Amino acid sequence: MDVQTEHRENGLAAAKKIREAHPEIKIVVATSLIDTQVLARAKAVGADSLWYKDGDEGTLMQVVRRTMAGEHIFPDTPPSVEIGTAMSAEFTKGEMKVLRCLVRGLSYNEIAKELGIEPSTVKYHVINMLQKTNLENKLQLAIAATESKLNNSADARHVISNAITAITT
């Protein structure tokens with residue numbers, strides 16, 4: 001089961017429905033998204049295993065075989081990806097939460113409200129990420145995060161596309 005399917009469907013929502021209707025079916029989630037929330041959500045919906053499809057086919061097939069034999073296989077952490085000149089593993093948990101919100105197109109005030117922090121803290125995290133990545137602004141940061149498959153927001157590409165259109169027209 002892929003996390004992101006065609007027509008902006010959510011593979012994790014489908015996995016949950018399958019698990020509820022047919023608890024005997026083994027569910028292996030495959031994803032190219034490098035977001036720790038995908039790991040947590042896959043476990044929460046009852047997936048038996050999760051693996052990254054950008055790896056080699058042999059490893060993914062081994063995960064499928066082992067899952068069919070009754071094992072539950074989840075990586076300890078997602079692979080680290082490059083965002084600007086930094087690796088995603090260099091970001092703090094707070095920075096990652098803010099980045100996920102930025103990719104969704106939220107303002108500093110909206111992010112602060114959603115995360116229960118002050119807008120100044122949001123700005124602090126964004127400044128830290130910009131320094132780590134050597135990117136110039138939060139739009140570049142959001143684009144780089146989306147291109148690296150760091151975020152699983154189905155709306156991210158749409159938000160960024162609209163922002164780029166607004167800037168270039």
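Model, not experiment: these values are computed from the prediction. In what follows, every heavy atom counts, from backbone to side chain, and hydrogens, waters and symmetry copies are set aside.
The main-chain N or O of Val81 is found under 3.5 Å from a side-chain atom of Ser88 such that the two form a donor-acceptor pair. For the pair Glu90 (side chain) and Met87 (backbone), a donor-acceptor distance under 3.5 Å is present. When atom types are taken as modelled, the side chain of Thr85 and the backbone of Thr133 share a donor-acceptor pair closer than 3.5 angstrom. Checking side-chain atoms of Gln62 against main-chain N and O of Thr59 turns up no donor-acceptor pair under 3.5 Å.
A 4.5 Å side-chain heavy-atom check between Trp51 and Val28 finds every atom pair outside the cut-off. Contact check for Pro75 versus Leu39: side-chain heavy atoms found under the 4.5 Å cut-off. Looking at Asn128 and Glu95, their side chains come closer than 4.5 Å, going by heavy atoms from C-beta outward.
Among residues two or more places apart in sequence or in another chain, the salt bridge (charged side-chain N to carboxylate O under 4.0 Å, His left out) test is passed with Glu114 by Arg104. With sequence neighbours left out, the salt bridge (charged side-chain N to carboxylate O under 4.0 Å, His left out) criterion links Lys16 to no other residue. A search for salt bridge (charged side-chain N to carboxylate O under 4.0 Å, His left out) contacts involving Arg66 returns Glu71, not counting sequence neighbours.
Between the NE2 atom of His125 and the NZ atom of Lys138 there is a distance of 15.0 Å, given to the nearest 0.5 Å. Atom CG of Leu106 is separated from atom NZ of Lys113 by 11.5 Å, given to the nearest 0.5 angstrom. Rounding to the nearest 0.5 Å gives a distance of 9.5 Å between CG of Leu141 and OG1 of Thr146. With values rounded to the nearest 0.5 angstrom, Ile111 atom CD1 is found 4.0 Å from Leu102 atom CG. Of the inter-residue distances, the one linking Leu99 atom CG with Ile83 atom CD1 reads 5.5 Å to the nearest 0.5 angstrom.
Hydrophobic clustering, with ILVMFWY side chains joined whenever heavy atoms are under 4.5 angstrom apart, groups Val64 together with Ile73. Tracing side-chain contacts under 4.5 Å through hydrophobic residues (I, L, V, M, F, W, Y), one never reaches Met129 starting from Tyr124; they form parts of separate clusters. Linking ILVMFWY residues whenever their side-chain heavy atoms come closer than 4.5 Å, directly or via other members, places Phe91 and Ile117 in the same cluster. Cluster annotation: Ile127 is not connected to Val122 through the hydrophobic network of ILVMFWY side chains, with a link wherever side-chain heavy atoms come within less than 4.5 Å. Linking Ile, Leu, Val, Met, Phe, Trp and Tyr residues whenever their side-chain heavy atoms come within less than 4.5 Å places Ile25 and Leu50 in a single cluster.
Residues Pro119 and Ala112 share a closest heavy-atom pair of N-CB, 3.5 Å. Looking at every heavy atom in both residues, Val29 comes nearest to Ala47 through CG2-CB, 3.6 Å. Summarising the geometry of Ala144 relative to Gly84, their closest heavy-atom pair is CB-N, 4.4 Å, with the distance given to 0.1 Å. When all heavy atoms of Ser49 and Val63 are compared, the closest pair comes out as CB-CG1, 4.0 Å. Glu136 approaches Gln140 most closely through the heavy-atom pair N-OE1, 2.7 Å. The shortest heavy-atom contact between Ser80 and Ala89 is OG-N, 3.1 Å.
Under a cut-off of 6.0 angstrom, the local environment of NZ in Lys17 is sparse, with at most 12 non-hydrogen atoms contributed by other residues, nucleotides or ligands. Within 6.0 Å of the CD atom in Glu57, the count of heavy atoms belonging to other residues, nucleotides or ligands does not exceed 12.
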| task | Go through the steps to decide whether Cys101 and Leu115 satisfy the test side-chain contact (heavy atoms from CB on, under 4.5 Å), and finish with yes or no. | result | CA-CA 9 Å; Cys101 293; Leu115 299 180; 4.3 Å; yes
| message | Under the criterion salt bridge (Lys or Arg N to Asp or Glu O under 4.0 Å), I'd like the reasoning laid out for Lys123 against Glu118: C-alpha separation, chi angles, the key distance, then a yes or no. | response | CA-CA 9 Å; Lys123 188 173 181 177; Glu118 293 295 321; over 6 Å; no
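Residues Arg19 and Asp48 are paired through a salt bridge, judged by an N-O separation under 4.0 Å between the basic side chain and the carboxylate.
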